[in-house]
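Input: a single structure, listed below in structure tokens.
The basis for the numbers below is simple: all heavy atoms, side chains too, and nothing from hydrogens, waters or symmetry mates.
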Amino acid sequence: MFLFLQNNSSVSVLGASGGIGQPLSLLLKNSPLISELALYDIAHTPGVAADLSHIETRAKVTGYIGPDQLADCLKGSDVVVIPAGVPRKPGMTRDDLFNTNASIVATLAEACAKHCPEAMICIIANPVNSTIPITSEIFKKHGVYNPNRIFGVTTLDIVRANTFVAELKGLDPARVNIPVIGGHAGKTIIPLISQSTPKVEFPQDQLEALVGRIQEAGTEVVKAKAGSGSATLSMAYAGARFVFSLLDAINGKEGVIECAFVRSEETESPYFSTPLLLGKSGIEKNLGLGKLSPFEEKMIGEAMAELKGSIKKGEEFVKSRK
């Protein structure tokens, strides 16, 4: 009985009717770790919730619609996942999303700070390099900030790195693990191929092409979808993978490691993604950068200015917000 009780986790998805939100909610509904799944959006949530509620798994699904119901959605949440916001269109950078998504994330973070300040907050909404500082600043404003509980979900970068390396080397992608550090946009995405499990090696030109592909993989999908959206299905998979790891850790599983974009002392950037040991109260230990190749060190150096700029932009946004 004891184990069963451990897995009574309540997860809220804010932006549950969207391109990422729907497949993400489907994957979460499928998990035995979740007993309550609360879905929120500004439209269509009752329908999405009704649809998912027919699935033969134990998670009880409830749908909430519009700002008036947001508080009810969040009460009692252990984990909140935020895929809300607008997707990228061809020709847009993640930074182009800033004005729209910054306001959306700030409003949702405010509600979380008020109604579930102890919950683990997982931000998917781009640009993550700015939306995590925004969330942190809002939590500080409300006096409930805990840096160990606020995560920028960068898992898709790891999933892509694992997939692309496995393809090149003829390996099973499920057995490949590549830490990806830094941030979650363009050249701030730094795959540590030198720390790959199993160990892999590439000639420099191939390595540079591979890193470039990992960094621009989001754009690859935006282009292929030709105006109809960005990476939604792979992002939903990656978001669910991160949430499941977090729930495992909350439930006492040991040795759970995921990379995420978090408050950090590891580099000169105040936020930075590195492998994190997760535990019952979020980040148990930041595992840091590990041993880097000269090429990887150079990439970190080149990413710093952009990373710090995006972070500052997020912090300034909260300062100037009414």
Side-chain angles (χ1 to χ4, degrees), residues 7 19-20 22-34 55 57 81 83 122 124 128 151-184 189-225 230-249 251 253-261 273-278 287-293 295-296 299:
N7 295 345
I20 297 168
Q22 288 200 41
L24 173 62
S25 300
L26 171 62
L27 292 166
L28 296 175
K29 172 69 175 115
N30 226 351
S31 170
L33 294 168
I34 298 171
I55 292 172
T57 56
V81 199
C122 307
I124 289 171
V128 165
F151 302 90
V153 180
T154 60
T155 316
L156 183 50
D157 298 326
I158 292 96
V159 167
R160 285 167 167 158
N162 294 346
T163 302
F164 300 165
V165 166
E167 278 171 4
L168 288 170
K169 292 290 186 192
L171 299 164
D172 172 0
R175 295 182 183 278
V176 177
N177 183 31
I178 309 226
V180 181
I181 63 167
H184 185 58
I189 298 169
I190 302 162
L192 302 182
I193 309 291
S194 73
Q195 294 181 23
S196 167
T197 319
K199 217 165 165 37
V200 292
E201 281 179 9
F202 296 96
Q204 189 62 24
D205 57 339
Q206 207 182 356
L207 179 63
E208 284 174 23
L210 169 63
V211 166
R213 186 177 177 209
I214 294 164
Q215 291 175 335
E216 291 305 320
T219 306
E220 192 177 301
V221 176
V222 169
K223 280 183 182 160
K225 288 196 175 181
S230 56
T232 52
L233 301 170
S234 52
M235 184 61 247
Y237 167 85
R241 173 182 138 167
F242 185 79
V243 171
F244 297 151
S245 291
L246 204 47
L247 291 173
D248 276 340
N251 286 322
K253 185 175 173 183
E254 293 190 0
V256 179
I257 296 168
E258 289 281 358
C259 295
F261 188 66
S273 178
T274 44
L276 308 166
L277 178 64
L278 302 175
L287 301 176
L289 304 169
K291 191 172 177 312
L292 303 169
S293 71
F295 175 59
E296 290 159 355
M299 283 196 286

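- Screening I178, I181, N177 for a side-chain contact (heavy atoms from CB on, under 4.5 Å) with I158, the sole residue that qualifies is N177.
- Between E220 and K225, every side-chain heavy-atom pair lies at or beyond the 4.5 Å cut-off.
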- Task: Please lay out, stage by stage, how V243 and L247 fare under the test side chain to side chain contact (heavy atoms under 4.5 Å, CB included).
- Result: CA-CA 6 Å; V243 171; L247 291 173; 3.9 Å; yes
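- Side chains of S194 and K199: no donor on one and acceptor on the other come within 3.5 Å.
- When all heavy atoms of A231 and L156 are compared, the pair lying nearest together is CB-CD2, 4.2 Å.
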- Would you please test L24 and I124 for side chain to side chain contact (heavy atoms under 4.5 Å, CB included) and show each step? CA-CA 11 Å; L24 173 62; I124 289 171; 4.1 Å; yes
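- Within the 4.5 Å cutoff, the side chain of D157 has no heavy atoms near those of the V159 side chain.
- Geometrically, K169 engages F202 in a cation-pi contact defined by less than 6.0 Å to the ring centre and at most 45° from the axis.
- Within 6.0 Å of the OH atom in Y237, the count of heavy atoms belonging to other residues, nucleotides or ligands does not exceed 12.
- T219 and E216 share a donor-acceptor pair across their side chains, judged by distance under 3.5 Å alone.
- Residue E201 qualifies as open at atom CD: its count of foreign heavy atoms under 6.0 Å is 12 or below.
- Residues L289 and Q195 share a closest heavy-atom pair of O-NE2, 2.8 Å.
- You'll find the side chain of Q206 reaches within 4.5 Å of the side chain of P203, heavy atoms only.
- Between the side chain of T57 and the backbone N or O of K29, at least one donor-acceptor pair lies under 3.5 Å.
- Residues S234 and R160 share a closest heavy-atom pair of OG-NH2, 4.4 Å.
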- Stepwise side chain to side chain contact (heavy atoms under 4.5 Å, CB included) test for V180 and I189: CA-CA 7 Å; V180 181; I189 298 169; 3.6 Å; yes
- Before giving the answer on side chain to side chain contact (heavy atoms under 4.5 Å, CB included), spell out for V153 and M235 the whole-Å C-alpha distance, their side-chain angles and the decisive distance to 0.1 Å. CA-CA 9 Å; V153 180; M235 184 61 247; 4.0 Å; yes
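- Side-chain N or O atoms of S245 include one that pairs as donor or acceptor with a backbone N or O of R241 at under 3.5 Å.
- A salt bridge does not link E296 with K291: every distance from a Lys NZ or Arg NE/NH1/NH2 to an Asp or Glu carboxylate oxygen is 4.0 Å or more.
- Atom CD1 of I193 is separated from atom OG of S293 by 9.5 Å, given to the nearest 0.5 angstrom.
- Here the closest non-hydrogen pair linking C122 and L246 is SG-CD2, 3.6 Å.
- Side-chain contact between S230 and V221: absent, with no pair of heavy atoms (C-beta onward) separated by less than 4.5 Å.
- V176 approaches A166 most closely through the heavy-atom pair CG2-CB, 4.0 Å.
- With L278 as the fixed residue, the side-chain contact (heavy atoms from CB on, under 4.5 Å) test singles out one of K253, E254, E258: E258.
- F242 has its ring centre less than 6.0 Å from the ring centre of F151.
- The two residues I20 and P83 come nearest to each other via the heavy atoms CG2-CB, 3.7 Å.
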